[in-house]
Amino acid sequence: MKKALSLLLALLVTVALVACGNGGSAVSQQPAPQEKSPPAQGGSPQAAPSEKTLAQQLTVDPNQEVTITVMSMHHTEQRRSLMDQNIALLNEKYPNIKVEHNPVEDYINAIKMGFDSGDAPDIVYIDDTTQNMLERYDYLMDITDIAKEMKWADVSKPGSLEYQNVRHPGVIYSAPYISGPRVVWYNKEIFNKLNLNVPTTLDEFDDVLAKVKEAGYIPFEASIRTTLWHIDGCLFGMVPFEDISKWYYLEDSTDIYKTGRKEALEKVAEWVERGYFREGITSIDHNNLNVLFPRGETVFYVSGASAAGPLASANMDVGAFPFPKKSKDFPTTLVDASDSGWAIRADLPEEKLAAAVAFIDSFFTEQSARLWTEGGFVSLLTFDQSDAKVTPQQLAAIQACEGAQMGYFLDNAAPGLLDAMEILNARLHLKEITGADYDALIDQQYEELKAEELSKRS
Amino acid sequence: MNRGRLTCGVLRKHMICYLLLAPTLLMFVIFVLVPAVQTVYISLTQWEGIGPKTWVGLSNYKTMLLGNAVYLTALRNTVVWTLVTMTVPVAIGLFQANLLVRGSLPHRLAKLYQLIYFLPQVISTVVAAIAWKFIYDPVMGPLNDVLRVVGMNQYANIGWLGNPKTVMTALCVVNVWIHSGFCCVVFAAAMQGIDKELYDAAMVDGATRSDQFWRITLPGIRESMTTVLVLTMMWSFKVFDIIWTMTKGGPGQHSYVFAIYAYVQGFSYNRLGLSAAITVSLTLIAMVFSKAFTTIRERGRY
């Protein structure tokens, strides 16, 4: 009996190990997870090696029913509703295209799992870091030529398409259509009561914060996650964009950047020390901020322009301004990466290509731009939206973004940095570390993650 | 002589038993054994959850064990969590069960209490965690309001889940609330199976209630006790849902346990190899604890 059982167990373990072995590479011989043709030169769609011209390939056959699967992070009620309406716009033009939209909260892991298991959706909505990872394994279609053919750049704000794809200069893998700029919301009622002016420099901001604190209000409504944007905001207001870009793209930490980051972290540490954040901030649930801010105890709230919706629902009288900078003549840069971009899987069947492109194209229309603007987002398209029906809160956010350039969510520089920064933020607010400690620790984490990321790329 | 040996005759004789066991064995192999072996394999590779795996030998284990303060924090928190959530719900459950079975409550009322105690076990853990997160909320939660009303103002401004000194206790309270009902129901069922004549005889001999509890009740529910302790120990070691929903391991890393550490490394840092190594170490520690516990119990029996 024992022998038989031992043999059975050995057999099972062998089978299991062989099964595991299939997943290996270097050592392992894992095949590229999805069978596909090699990347085509010049950015032609890889799934369409036919003799048709690109324009022909992208023409939707109205007589052919096509179902395309889409995965996105549009899982909140607000986003889901806008997606449904956008799909309805697509179906007005192409009733034969059926879109199966799967909105997922933990979408990065869902996307990874989908691609790795060979069950990826046809279209995914991805940020630049995830795009970089998927592209590394040739999972994404090079849509440079498609973007040109569909003239997406012509209707987008200058540089926004390139900005989303800047980790791969000259090549487009995904197309963004909305952005998520972080602005400083302020309670107008308190502002008027205290006779305050909107600050544009960090020194002015410090003066206003001191007055607000003295008057017995809480200066900042924030959670540990949103305090990241205070740090990012300070950095963009102190360090030239080129130096931040080098750091973000894992090229170099320049001395200017390092000095600026230290100053930015010390500035936020100073605000913590002065009690400018709500007591017990480490216990504040990020999802409650849109409820806490309208209670009228807090004056400032650094958040996305999309907070306009909840603030309008709370009927709150608010204004918004870009995060202050070190001097008035320093360029205004908002923490404002594109929300994400639409990408197509590399091995999309040829018969689905036209429908997939039509789906993405439906986000590059005037109607769609208005839909998303009215829904509370900042459109990356150039269509005139002066007649869009927006709330005063939305209008405040849009005006705060005017003339500002797009920055990055710095925690997105490498996988894991967000988690590392959140932990350090919590430790800073618990006064376990100082701004200088934070600076040293984040530098250490960054170098570690950078080395890891670069080794993966190589 | 042939006792315990698998012969054709024995196989034929018990064929129906083996056939009935086969689906379970197959499920075990597919859903437990193969993933377990895969996890061990992944722990020896570098993998970001997508694309090929690269063999790195014991490198992930070295990273995990050598000078890794986070691993030690997770280990400490996991052990504390296990000790507290293994003992407190059992003690409370035992106390409740003894009151319900050996107390003078009417039968129907006792059943009703059992149902009430068991209710938290029925609720989804994530739902319970969300509800408790709201209760603990420093601004909107009712706990601090109640403390203010009863005059305990010095405690009413505490952010229970955001304070390193209170976070683990606050989380343990939730776990105790969820699991003590389960312990109570199991112990109550076991106590009802103890022969009443033993208690009558003890009373005749002049045994007090306390003597009866220690000399009749406890030995009488020994088997159930072992089962409950082993189960709560296993649940405690692998805890994830409550802590992830309520604190995500924070503030900072003050409520990091193994499962959180493994998840974060695997799905935030894309270090699936290291994540698997942490999981393997958790399994080994749980196995050692479980084996030690059952060995001690077995020794005590004879």
Side-chain angles (χ1 to χ4, degrees), chain A residues 1-5 9 12-13 15-17 19-21 23-33 106 108-109 111-113 115-116 133-134 136-137 139 224 278-285 288 291-292 295 297 415-416 418-420 422-427 429-430 432 449 452 455-456, chain B residues 4-7 10-11 25 29 33-42 44-56 70 133-134 136-141 144 157-164 166-167 170 246-254 256 264-271:
Chain A
M1 177 71 176
K2 268 186 182 171
K3 259 189 182 174
L5 277 177
L9 202 63
L12 288 172
V13 171
V15 168
L17 277 172
C20 296
S25 112
V27 169
S28 71
Q29 293 121 27
Q30 180 164 358
D106 188 16
I108 295 176
N109 285 319
I111 285 172
K112 271 165 64 178
M113 215 177 290
F115 278 101
D116 207 53
M133 182 175 64
L134 294 177
R136 194 153 61 222
Y137 300 112
Y139 282 122
I224 287 303
R278 188 183 278 278
E279 200 181 340
I281 182 178
T282 48
S283 301
I284 301 290
D285 184 347
N288 288 341
V291 180
L292 290 174
R295 284 163 67 114
E297 301 161 353
L418 170 64
D419 189 70
E422 277 192 0
I423 288 168
L424 290 174
N425 273 8
R427 294 186 66 193
H429 283 270
L430 290 168
E432 292 177 352
L449 293 170
E452 218 171 292
S455 85
K456 283 178 199 164
Chain B
R5 296 191 61 181
L6 188 65
T7 61
V10 172
L11 199 64
L25 183 66
V29 169
L33 191 62
V34 171
V37 174
Q38 273 183 324
T39 305
V40 174
Y41 171 72
I42 291 170
L44 302 170
T45 66
Q46 189 184 54
W47 186 42
E48 56 178 327
I50 192 168
K53 303 177 187 78
T54 309
W55 180 269
V56 291
V70 185
K133 193 175 174 183
F134 172 69
Y136 284 134
D137 190 286
V139 186
M140 296 182 287
N144 283 352
N157 287 324
I158 291 177
W160 298 93
L161 297 175
N163 187 331
T166 55
V167 62
M246 294 180 76
T247 66
K248 288 192 161 54
Q253 289 160 319
H254 289 283
Y256 253 47
V264 169
Q265 287 300 323
F267 298 105
S268 294
Y269 287 76
N270 292 341
R271 294 170 178 161

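Protein chains get the first letters and strands the later ones, always in sequence-line order, with residue 1 at the start of each. From a predicted model like this one, the values you see are computed outputs, not experimental measurements.
- Looking at A:Glu432, the atoms closer than 4.5 Å to chain B (heavy atoms on both sides) all sit in the side chain, from C-beta outward.
- Chain A forms more heavy-atom pairs under 4.5 Å with one residue of B:Pro164, B:Gly249, B:Gly250 than with any other, namely B:Pro164.
- Two residues are said to be in side-chain contact when any heavy atoms from C-beta on lie closer than 4.5 Å; B:Ile42 and B:Thr39 fail this criterion.
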Would you please test B:Trp47 and A:Asp116 for side chain to side chain contact (heavy atoms under 4.5 Å, CB included) and show each step? CA-CA 12 Å; B:Trp47 186 42; A:Asp116 207 53; 3.2 Å; yes

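- Among the candidates A:Glu297, A:Arg427, A:Met133, the residue making the largest number of heavy-atom pairs closer than 4.5 Å to chain B is A:Met133.
- Shown are B:Thr166, B:Thr247, B:Asn144; of these, the side-chain hydrogen bond (donor to acceptor under 3.5 Å, both in side chains) with B:Trp160 is made only by B:Asn144.
- Heavy-atom pairs under 4.5 Å with chain A were tallied for B:Val167, B:Leu161, B:Val139; the largest tally goes to B:Val139.
- Ranked by non-hydrogen atom pairs under 4.5 Å with chain A, the options B:Gln253, B:Glu48, B:Gln46 are led by B:Glu48.
- With a 4.5 Å cut-off on non-hydrogen atoms, A:Met113 does not touch chain B at all.
- B:Gly159 approaches B:Pro138 most closely through the heavy-atom pair CA-CB, 3.9 Å.
- Each of A:Arg295, A:Lys456, A:His429 has some count of heavy-atom pairs under 4.5 Å with chain B, and the biggest count is that of A:Lys456.
- The minimum heavy-atom distance linking B:Ser268 with A:Asp419 is given by the pair CB-CB, 4.3 Å.
- Only the side chain of B:Tyr256 comes within contact range of chain A, with at least one heavy atom under 4.5 Å from a heavy atom of that chain.
- Using a 4.5 Å cut-off between heavy atoms, A:Leu292 touches chain B through its side chain atoms alone.
- Most heavy-atom pairs under 4.5 Å with chain A: of the set B:His254, B:Met246, B:Lys248, this distinction falls to B:His254.
- In this structure the side chain of B:Phe267 never reaches within 4.5 angstrom of the side chain of A:Asp106, judged on heavy atoms.
- Between the side chains of A:Lys112 and B:Asn270, at least one donor N or O lies within less than 3.5 Å of an accepting N or O.
- Ranked by non-hydrogen atom pairs under 4.5 Å with chain B, the options A:Val291, A:Leu424, A:Asn288 are led by A:Asn288.
- Shortest non-hydrogen contact noted between A:Ala426 and A:Thr282 is O-CG2, 4.0 Å.
- Among the candidates A:Ile281, A:Ile284, A:Asn109, the residue making the largest number of heavy-atom pairs closer than 4.5 Å to chain B is A:Asn109.
- The part of A:Leu449 that comes within reach of chain B is its side chain, from C-beta onward, which places non-hydrogen atoms under 4.5 angstrom from that chain.
- Heavy atoms of A:Asn425 lying under 4.5 Å from chain B are absent altogether.
- Between atom CD1 of residue A:Ile224 and atom CG of residue A:Asp285 there is a gap of 12.0 Å, rounded to the nearest 0.5 Å.
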